[in-house]
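Structure first, commentary second.
Convention: sequence-line order gives letters A, B, ...; per-chain numbering from 1. We use all heavy atoms of the structure for the numbers below, so side chains are in, but hydrogens, waters and symmetry mates are not.
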There are 2 protein chains.
Amino acid sequence: MNIKDIANLSGYSVATVSRVLNGHTNVSASAHDKIMSVVNQYNFEPNANARELKRNEKDPIAVIVKGRNNLLFADIIEIIHTTLDAIGEEVYVAYLDEDENEVRFALRHQMASNPRGILFLGGELEYFKQHFGMIACPCVLITNSTTSLSFPNLSCVLTNDEQASFDIVNEIIKAGHQSIGIVGGNLSQGQISARRLSGAIRCMACHNIGFNIHTHYEPSRYSMQEGYDAFKRLIARTPDITAVYALGDVIAIGAMRAAIDSGYSLPCDMSFASFDGIQGARFCVPRLTTVRQDSTLLAQYGVSTLLKMMSTAEPLPVCCIVPHVIQQGESIIKPRT
Amino acid sequence: MNIKDIANLSGYSVATVSRVLNGHTNVSASAHDKIMSVVNQYNFEPNANARELKRNEKDPIAVIVKGRNNLLFADIIEIIHTTLDAIGEEVYVAYLDEDENEVRFALRHQMASNPRGILFLGGELEYFKQHFGMIACPCVLITNSTTSLSFPNLSCVLTNDEQASFDIVNEIIKAGHQSIGIVGGNLSQGQISARRLSGAIRCMACHNIGFNIHTHYEPSRYSMQEGYDAFKRLIARTPDITAVYALGDVIAIGAMRAAIDSGYSLPCDMSFASFDGIQGARFCVPRLTTVRQDSTLLAQYGVSTLLKMMSTAEPLPVCCIVPHVIQQGESIIKPRT
DNA sequence: CTGAAAGCGCTTACAG
DNA sequence: CTGAAAGCGCTTACAG
């Protein structure tokens with residue numbers, strides 16, 4: 001069943017059928033009604049490949065997701081889908097591993113499908129620096145800053161990781177803690193962990209609290225299991241800490257579980273704070289005090305920025321900082337004296 | 001940049017370029033080398049729309065996901081992606097709301113894109129009964145049984161929800177509980193919740209334990225917040241229960257939090273068991289005793305079943321039951337006497 | 001308002 | 001081994 005069949009069945013030409021299908025107005029009411037009746041009778045949908053091949057030779061908006069196990073990204077993708085569905089935009093989502101080169105992938109995808117716009121969820125700035133120049137369509141990087149790059153077709157929307165990290169560590173310090181361990185991230189790759197760490201260190205410095213990265217910091221990937229293991233290593237090395245700041249909620253959930261298994265009772269013996277504000281943070285025991293990244297805003301600004309760029313002849317790249325908010329839980333209390 | 005440009009640049013015809021690009025063997029080594037060198041120089045990728053339009057006029061495998069917030073599905077999708085990527089199959093994923101008609105969607109998608117196969121994650125049998133007859137390609141429904149339908153191009157892979165539910169409730173009863181509340185699901189739609197409930201009831205009946213669905217059962221959608229609320233309603237109505245069986249881990253996590261907020265201490269005052277085996281179940285406090293659905297096997301059997309059907313002229317629909325396993329946690333202990 | 005025709009970028013018989 | 005040509009299912013000037 002194709003447009004030619006519909007033409008035969010309705011007694012009109014394929015051109016007129018095509019016009020009706022695309023909502024053009026220069027069609028008589030009787031042609032419109034006749035054609036739509038047979039379209040509906042057969043539940044006809046035009047072939048997407050042929051349509052895109054002609055239309056403007058542009059494919060749907062692409063979403064390139066870096067990392068498969070990221071609950072925040074999962075949230076954001078859902079909202080992107082909902083928003084774009086609502087305005088009738090198709091979405092193509094590609095999931096890459098954390099260490100894959102997303103810009104290379106985008107280049108290949110551009111060749112094969114010529115997307116009208118690309119949303120990157122997560123990204124390594126080094127890759128952008130090297131290869132992004134060959135990307136032609138408007139793009140938005142969500143959760144990382146591109147201001148150091150200044151490509152004309154690349155905007156970004158993100159949380160101010162450094163300041164947010166400062167703010168949440170401030171909560172720990174306000175409660176009276178002087179020896180704070182930090183768990184999570186990998187400083188050699190991904191500037192995000194580095195920014196969070198640096199905000200934390202700045203906050204401690206402001207309060208004249210010492211921080212030795214060799215003894216008080218322990219890296220970990222963003223998973224419960226790795227958070228669990230990292231806490232165990234940290235506490236074995238530096239048992240005098242009274243509070244832990246985990247660079248992600250999933251890390252914190254693993255770390256808290258490790259603390260409990262190590263005989264600590266929470267939050268009395270050890271305070272915890274973290275980053276992200278995933279749903280589980282509000283239901284775990286104790287509830288996490290965390291700094292919430294607004295996934296809704298990240299997604300909505302990401303989409304609206306991209307759409308604006310797509311509809312403007314001379315796109316003006318922007319950098320959009322989404323507000324964060326301290327979400328009070330029960331995981332921070334005064335240290336034992 | 002298209003295949004014609006590559007042809008000009010290399011001095012061969014588009015036909016020969018196309019042959020090289022598709023790995024045909026009837027091409028001279030010199031032509032192959034020359035053409036590949038310019039393809040690589042420009043990082044050329046053939047246009048996907050034009051290619052699919054010609055090739056066999058078939059699009060990638062489609063994955064139709066019912067419900068956007070399902071952690072088990074998220075797991076399964078990830079494995080599907082990985083498996084299919086590895087053999088060079090493209091995947092198109094569509095997320096529908098829980099109450100959308102996935103078979104109608106598949107019909108429209110078939111018209112527009114003519115997929116070579118469809119994987120349904122979740123599905124309402126009623127919709128399949130009504131409209132699936134018009135779907136032409138091989139399909140596999142994951143997490144629900146299609147044996148009552150007998151379409152020649154529809155297989156299924158699922159956990160035996162009824163038996164798994166029986167087994168986990170048996171754990172509760174073995175610990176000595178006599179008054180068990182059940183939280184979760186919605187019996188009017190989605191046979192899965194009904195099967196889980198019925199396995200639980202059968203188990204109680206086997207042990208001569210009474211169960212009054214009006215007092216001891218409380219429905220809930222599959223989310224932490226709804227699990228929280230449902231527990232509160234249940235405990236207000238039926239305070240004499242000593243154990244709760246939640247039909248999903250996320251419901252259980254919400255319900256446990258509600259129990260704690262109601263002044264219960266866990267697991268001493270109230271035992272919990274649930275269904276699914278998501279990652280968080282191993283890190284929450286107390287660790288959940290749950291019956292694990294094997295997302296890896298569900299995904300792998302789903303994919304391999306689909307591929308087999310796609311490669312066979314006369315596909316033989318199968319129903320594949322994936323083993324479940326009781327995952328011991330700390331959430332079930334003897335009731336207080 | 002409508003139709004005949006060109007063309008989007010590919011693949012694949014067909015002929016050599 | 002290679003190329004000229006047809007055709008996949010659409011959309012859109014162009015002409016009427």
What pairs with E102(B) under side chain to side chain donor-acceptor pair (under 3.5 Å), at least two apart in sequence or on another chain? K66(B)
Secondary structure of DNA chain C in dot-bracket form (Watson-Crick or G-U wobble, distances below 3.5 Å, | marking inter-strand pairs): |||.||||||||.|||
Nearest-Å distance, NZ (K4(A)) to C1' (dG3(C))? 14 Å
Rounded to the Å, how far apart are N49(B) CG and dT11(C) C1'? 15 Å
For N114(A) and dC10(C), give me the distance from atom CG to atom P, rounded to whole Å. 11 Å
What is the separation between atom CD1 on I6(A) and atom P on dT2(C), rounded to the nearest whole Å? 17 Å
Is atom OH of Y301(A) surrounded by more than 12 heavy atoms (other residues, nucleotides or ligands) closer than 6.0 Å? no
Under 4.0 Å from OP1 or OP2 of dT11(C): is there any side-chain N or O of N22(B) that close? yes
Roughly how far, to the nearest 0.5 Å, is the CG atom of L149(A) from the NZ atom of K129(A)? 6.5 Å
At under 4.0 Å between heavy atoms, what does H32(A) touch on the DNA or RNA strands: base, sugar-phosphate, or nothing? nothing
So which heavy atom on P138(A) is nearest to which on L306(A), and how close? O-CD1, 3.4 Å
Looking at R19(B), does any N or O in its side chain come under 4.0 Å of the phosphate oxygens OP1/OP2 on dT2(D)? no
Look at N2(B) and dG9(C) and indicate whether a side-chain polar atom (N or O) is within less than 4.0 Å of OP1 or OP2. yes
Please enumerate all residues that pass side chain to side chain donor-acceptor pair (under 3.5 Å) together with T147(B), with sequence neighbours excluded. S145(B)
Residue set satisfying side chain to side chain donor-acceptor pair (under 3.5 Å) with T143(A), at least two apart, ordered chain then number -> none
Just to be sure I understand the geometry, which residues of residues 9-18 of chain B put a non-hydrogen atom under 4.0 Å away from DNA chain C? A15(B), S18(B)
With ring pair (Phe, Tyr, Trp, His ring centres under 6.0 Å) as the rule and sequence neighbours excluded, what pairs involving residues 62-86 of chain B come up? Y95(A)-H81(B)
Mark yes when over 12 heavy atoms from residues, nucleotides or ligands other than F44(B) sit less than 6.0 Å from its CZ; otherwise mark no. yes
CG of L53(B) versus P of dT12(C): gap in Å, rounded? 12 Å
In whole angstroms, the gap separating C1' of dA13(D) from NE2 of H24(A) amounts to 12 Å
Please find out if less than 6.0 Å separates the ring center of F151(B) from that of F128(B). no
Determine the interatomic distance between C1' on dG16(C) and the same-named atom on dT12(C); round to the nearest Å. 16 Å
Report the distance from atom CZ of F44(A) to atom P of dC10(D), rounded to the nearest whole Å. 4 Å
Assert: residue with more 5' nearest nucleotide on DNA chain C, out of P46(B) and V27(A), is V27(A)
Euclidean distance, atom CE of residue M1(A) to atom P of dC10(D) [Å, nearest integer]: 11 Å
